[in-house]
Amino acid sequence: MLLKLERFFDRFSDIMGWIAGVLNLVMLANVFYDAIMRYFFKSGSIALQEMEWHLFAIVFLFGMAFTLKEDGHVRVDILYDQFSPKWKATVNIAGTLIFLIPLAVLIINGSIWFVKEAYEVHEVSGDPGGLTHRWLIKAVIPASFIFLTVSACGFIVRNINIFRGVEAPPEHHIEDDVL
Amino acid sequence: PADAAPKYRWKLAMTWPTNFPIFGDAVVKMADMVKEMSGGEMEIRIDSKNKHKAPFGVLDMVKAGQYEMGHSASYYWKGKDINTMPFTTMPFGMIAPEQYAWFYYGGGMELMREVYDKHGVYSFPGGNTSNQMGGWFQKEIKSLADLKGLKMRIPGFAGEVLSKLGVVVTNIPAGELYTALDRGTIDALEWVGPSLDLNMGFHKIAPNYYTGWHEPATELQFLVNQKKFDALPKHLQAIVETAMKFAAYDMYARSYNDSAVNWAKIEKEFPHIKIRTFPKEVIAAMKKVNNELLEATAAKDATFKKIYDSQKDYMKKVRKWTEISDYTYLKDNL
Amino acid sequence: MIGLVMFGVALVMLLIGFPVAFTFGGVAVFFGLFAEGTQIFALMPHRIWSIMNNTILMAIPLFIFMGIVLQKSKLAERLLESMGFLFGEVRGGIAISTVLVGALLAASTGVVGASVVAMGVISLPVMLKYNYNKKLAAGAICGAGTLGQIIPPSIILIILGDVFQEPVGDLFKAAFWPGLSLVLFYVTYIVIITWIKKDLAPPVRLDEMQGRKKQQILRALKAIVPPLVLIILVLGSILTGVATPTESSSVGGLGAIVLAAMYRQLSVKMVWESTLETIKISSMVFAILIGATAFSMVFTYTGGDWIVEDFMMSLPGEKWGFLILSMLVIMVLGFFIDFVEISYIVVPILAPIAANLGIDPIWYAILVAMNLQTSFLTPPFGFSLFYLKGVAPPEVRTTDIYAGVIPFIILQAIVLAVLVVFPQIFGFPAN
Ligand code: NA
Ligand code: NA
């Protein structure tokens with residue numbers, strides 16, 4: 001049951017990674033295109049220039065959920081490495097409940113007004129030809145922390161499974177792909 | 001007694017960094033005056049953008065009550081509310097003395113009140129930079145054709161005017177501006193005037209310094225949360241208002257002085273810098289586009305039309321007097 | 001007072017091993033709630049927003065992507081191996097190459113997160129493959145990756161230009177020689193230490209069995225060409241004005257894809273894996289920035305900035321005493337707080353004192369910049385250390401990285417001391 005639940009959460013985080021991954025490539029093309037158009041064709045659009053950082057923001061904000069699932073957030077491992085799998089699972093469960101989720105909840109709660117205000121006044125970019133509907137990109141802040149919280153639930157479930165011994169502790173590291 | 005603990009502790013968020021000359025000094029002056037005039041009853045803590053990290057979130061933070069006060073510029077909120085734009089300065093608009101006359105005796109304050117009431121804040125004049133420069137250009141602009149394809153960093157409404165004339169308006173973060181202008185990533189940029197441009201070092205890499213057209217009288221603003229202000233006792237309200245007005249006036253004098261002093265320095269140390277004015281043809285085209293854009297906005301928004309008309313009518317009246325007094329005097333005595 | 005306690009608590013909590021980003025953020029939550037209530041966290045969206053639209057930071061994912069594509073297509077590996085080979089009998093050739101490539105990256109951008117991670121992805125696996133000492137490898141990467149802050153263009157110098165109210169261009173010029181001497185010191189150090197301790201870095205020999213030496217050299221030269229072209233493209237796009245330093249990262253990213261194609265290493269799978277890897281690493285970096293901004297928000301809003309300010313005010317009013325003490329204080333603060341906070345909280349207090357003492361502001365700004373870039377390397381809160389750990393294989397422990405950077409920190413202190421005592425060497429007015 002818990003293993004099934006874990007797979008559900010993992011799927012969710014993978015989708016976040018998929019979105020961020022696609023947008024990362026789009027951003028690469030966008031930045032390059034803007035530079036080339038300006039230099040060689042003496043033309044440019046503020047909307048496209050703004051699109052660059054909109055994409056950039058979504059990439060790293062949505063990516064946080066995926067990175068948590070991949071256990072890619074860096075730790076100080078001086079003591080952590082010495083812990084048994086059960087202890088590691090305990091640290092992860094406690095840390096997620098005490099640190100991560102409260103932080104996410106406070107940020108989500110704190111950004112509701114921020115987004116609502118932009119929505120109500122129909123905020124747009126202040127620059128000529130800039131992007132409209134600014135509340136959408138502002139809403140990425142609470143959205144990304146909601147997604148992070150969902151991923152954090154999956155992280156807890158996985159660590160419960162590890163604690164119970166029904167799942168092997170992670171041996172696969174993101175660095176294995178890099179190497 | 002002056003050394004008693006203050007009964008009112010306010011916080012002010014400003015758009016500028018710590019120790020920012022002129023703009024930041026005006027804020028410090030205001031806060032110091034409030035403390036002294038109130039005999040220590042009221043204190044205002046100033047948070048720079050380095051502390052709150054939200055230079056363009058000042059209106060939001062004052063509106064939400066996270067800060068009682070703010071110091072910024074009204075046209076930064078153009079994207080939130082187009083009607084805030086005219087309270088800073090307008091291209092081909094009034095010069096500083098004319099604009100102050102409009103604010104205090106020509107209906108400007110009332111209109112500003114009307115616009116900002118919607119946001120639950122009061123806005124007050126916050127200091128004037130006086131006429132800003134048109135920017136640093138690598139090449140001389142000899143005709144309208146020279147604007148076509150010109151890559152320039154010029155934000156906001158002025159950027160919109162130039163983009164209609166074929167300028168490639170480019171957003172570049174402040175930290176990369178120097179490199180961008182130096183290497184030709186952009187051909188021109190607009191900053192403030194000698195008072196603040198000197199530290200950016202643009203005079204070392206671009207020889208043409210154009211006179212201004214787009215910000216003849218940039219007025220900063222003090223923002224005050226309405227609920228917080230209304231809750232102050234009457235005498236403290238008067239003190240805060242007086243301090244803001246004094247600080248604004250003081251900043252205008254200070255900007256004028258610093259521009260003069262810094263320009264003298266640039267002229268002496270960098271004699272190759274040429275002060276240039278845009279050709280008549282270019283100015284005429286800018287004016288035409290500017291008017292078209294403003295008329296179009298006024299047609300869409302009744303409040304904007306009211307402000308635009310008020311400024312236009314007042315300028316007609318006040319410019320006559322400027323012409324008879326200052327203009328004639330300068331023309332005959334320069 | 002709360003600020004000081006916060007530091008202590010964060011330090012202890014970090015040791016437990018929960019991810020750094022959320023530990024910083026979580027500690028901020030507790031102290032923030034305790035001192036200010038939930039209201040203070042309504043400031044967080046503004047702080048995250050300012051990271052979102054800081055377009056200079058956009059170079060981080062793009063340069064990381066470039067690094068990973070180079071790494072996955074084995075082009076980077078060949079470059080470093082060949083350079084190690086070309087250095088011939090010089091031990092530590094790959095470490096030296098790492099420093100040189102790091103210096104080139106530094107000259108094209110000023111974003112430490114991007115260069116440390118890119119170098120970590122590119123050269124750490126190669127050095128480990130050739131049995132380099134883990135500590136030396138980690139130290140060289142962190143040291144070289146952090147050069148971006150002192151070799152212009154650099155974010156620290158831009159911020160200091162703002163704080164000191166000095167033209168950024170002047171600071172860029174002034175930082176050039178001090179930055180280059182750091183490179184020189186690093187290389188010299190690696191040459192000497194690997195010569196003394198022979199097992200630190202075995203020399204690289206590329207299949208000595210096949211072919212003659214001449215062919216080997218030719219092959220090595222061939223391997224150097226593609227990455228060199230890439231570096232020329234990135235730097236060239238900046239120097240010719242085609243791109244801003246930030247935009248040059250996209251030239252690097254696309255260039256890496258084109259090179260991979262030319263060397264028949266390109267596939268959809270490779271690009272997709274690279275972009276996912278980029279997401280993981282970039283999000284790791286930015287999560288730290290978000291956690292750290294929550295931490296510094298609570299620190300400053302509970303009066304931490306005033307504590308620091310009061311302390312700085314009590315520094316001596318005599319030139320040498322002030323110089324030495326202010327440098328020491330910045331270095332010690334650098335163990336705990338990041339350079340942006342130091343630049344804006346501490347430096348504005350020091351700058352006018354320095355000016356009063358007749359200290360050349362540009363020189364002093366460069367001293368501060370040198371000192372601040374060291375803060376990226378000093379344990380426990382050195383950002384470069386976190387970034388490298390984030391991409392290092394598990395056998396490279398945090399302790400390896402901590403120990404590995406110490407010699408490089410000492411080298412920086414030496415260069416700093418030389419800059420203080422003999423400013424004329426670097427083109428500053430003599431004392
Ligand atoms: Na750099
Ligand atoms: Na540090």
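Note that the structure is a prediction, hence the values are computed from the model and not measured. Residue numbers begin at 1 in each chain, while the letters A, B, ... track the order of the sequences.
- The CD1 atom of C/Ile48 sits 4.0 Å away from the CD1 atom of A/Ile107 when rounded to the nearest 0.5 Å.
- Using a 4.5 Å cut-off between heavy atoms, C/Ile401 makes no contact with chain A at all.
- Heavy-atom proximity under 4.5 angstrom to chain C picks out A/Ile141, A/Phe145, A/Leu148 from residues 141-149 of chain A.
- Both the backbone and the side chain of A/Phe32 come within contact range of chain C, with heavy atoms under 4.5 Å apart.
- Contact count versus chain C (heavy atoms, under 4.5 Å) is highest, among A/Ala29, A/Gly110, A/Ala57, for A/Gly110.
- Only the side chain of C/Ile288 has a heavy atom closer than 4.5 Å to any heavy atom of chain A.
- At a heavy-atom separation below 4.5 angstrom, chain C is approached by A/Gly17, A/Trp18, A/Ala20, A/Gly21 within residues 11-21 of chain A.
- Ranked by heavy-atom pairs shorter than 4.5 Å toward chain A, the options C/Phe65, C/Tyr402, C/Trp272 are led by C/Trp272.
- Listed options C/Gly25, C/Ala28, C/Ser250 were ranked by heavy-atom pairs under 4.5 angstrom with chain A; first place goes to C/Ser250.
- The candidate with the highest count of non-hydrogen atom pairs below 4.5 Å against chain C, out of A/Thr96, A/Leu55, A/Asp34, is A/Thr96.
- Put simply, the side chain of A/Glu70 does not reach to within 4.5 Å of the side chain of C/Leu276, judged on heavy atoms.
- Between A/Val74 and C/Gly390, the shortest heavy-atom contact is CG2-N, 3.6 Å.
- Between the OG1 atom of C/Thr399 and the CG atom of A/Leu79 there is a distance of 10.0 Å, given to the nearest 0.5 Å.
- Proximity to chain C is limited to the side chain of A/Tyr39, based on heavy atoms less than 4.5 angstrom apart.
- For a residue to count as touching a neighbouring chain, one of its non-hydrogen atoms must lie under 4.5 Å from one of that chain's; by this rule C/Phe30 touches chain A with the side chain only.
- With a 4.5 Å cut-off on non-hydrogen atoms, C/Thr55 touches chain A through its side chain but not through its backbone.
- For C/Leu33, the part sitting under 4.5 Å from any heavy atom of chain A is the side chain, from C-beta outward, and nothing else.
- Heavy-atom contacts from other residues, nucleotides or ligands closer than 6.0 Å to CE of A/Met37 number more than 12.
- Residue contact with chain C, scored on non-hydrogen atoms closer than 4.5 Å, involves the backbone and the side chain of A/Val22 alike.
- Inter-residue side-chain proximity for A/Ile137 and C/Trp49 is flagged as met; some heavy-atom pair is nearer than 4.5 Å.
- With a 4.5 Å cut-off on side-chain heavy atoms, A/Val31 and C/Met58 count as touching.
- Of all heavy-atom pairs between C/Ile16 and A/Tyr80, the closest is O-CD1, 3.8 Å.
- Note that CD of C/Glu247 and CD1 of A/Ile36 are 9.0 Å apart. Values are rounded to the nearest 0.5 Å.
- When all heavy atoms of A/Arg38 and C/Ala243 are compared, the pair lying nearest together is NH2-CA, 4.0 Å.
- Looking at A/Leu61, the atoms closer than 4.5 Å to chain C (heavy atoms on both sides) all sit in the side chain, from C-beta outward.
- Heavy-atom pairs under 4.5 Å with chain A were tallied for C/His46, C/Met44, C/Glu273; the largest tally goes to C/His46.
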Please step through side-chain contact (heavy atoms from CB on, under 4.5 Å) for the pair C/Thr23 and A/Phe99, ending with a clear verdict.
CA-CA 6 Å; C/Thr23 305; A/Phe99 286 160; 4.0 Å; yes
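- Heavy atoms closer than 4.5 Å to chain A are found nowhere in C/Leu385, neither backbone nor side chain.
- The distance from the CG atom of A/Leu68 to the CZ atom of C/Phe22 is 5.5 Å, given to the nearest 0.5 Å.
- When the candidates C/Thr240, C/Leu254, C/Ile51, C/Thr38 are compared by the number of heavy-atom contacts under 4.5 Å with chain A, C/Leu254 comes out ahead.
- To the nearest 0.5 Å, atom OG1 of residue A/Thr67 and atom CE of residue C/Met284 are 8.5 Å apart.
- Among all heavy-atom pairs drawn from A/Arg75 and C/Thr398, the shortest one is O-OG1, 3.9 Å.
- The two atoms that bring A/Met64 and C/Ser283 nearest to each other are N-OG, 3.5 Å, heavy atoms only.
- Contact annotation for A/Phe62: neither backbone nor side-chain heavy atoms come within less than 4.5 Å of a heavy atom of chain C.
- Counting only heavy atoms from C-beta outward, the side chains of C/Ile279 and A/Val59 approach each other to under 4.5 Å.
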Can C/Thr275 and A/Leu28 be said to form a side-chain contact (heavy atoms from CB on, under 4.5 Å), step by step?
CA-CA 10 Å; C/Thr275 192; A/Leu28 177 71; over 6 Å; no
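- Legend: residues meeting ring-ring contact (aromatic ring centres under 6.0 Å, His included) with C/Phe286, ordered by chain and number and at least two apart, are A/Phe56, A/Phe60.
- Within residues 81-94 of chain A, the residues having any heavy atom under 4.5 Å from a heavy atom of chain C are, by residue number, A/Asp81, A/Gln82, A/Phe83, A/Val91, A/Asn92.
- In this structure, the side chains of A/Trp53 and C/Asn54 stay at 4.5 Å or more apart for every pair of heavy atoms.
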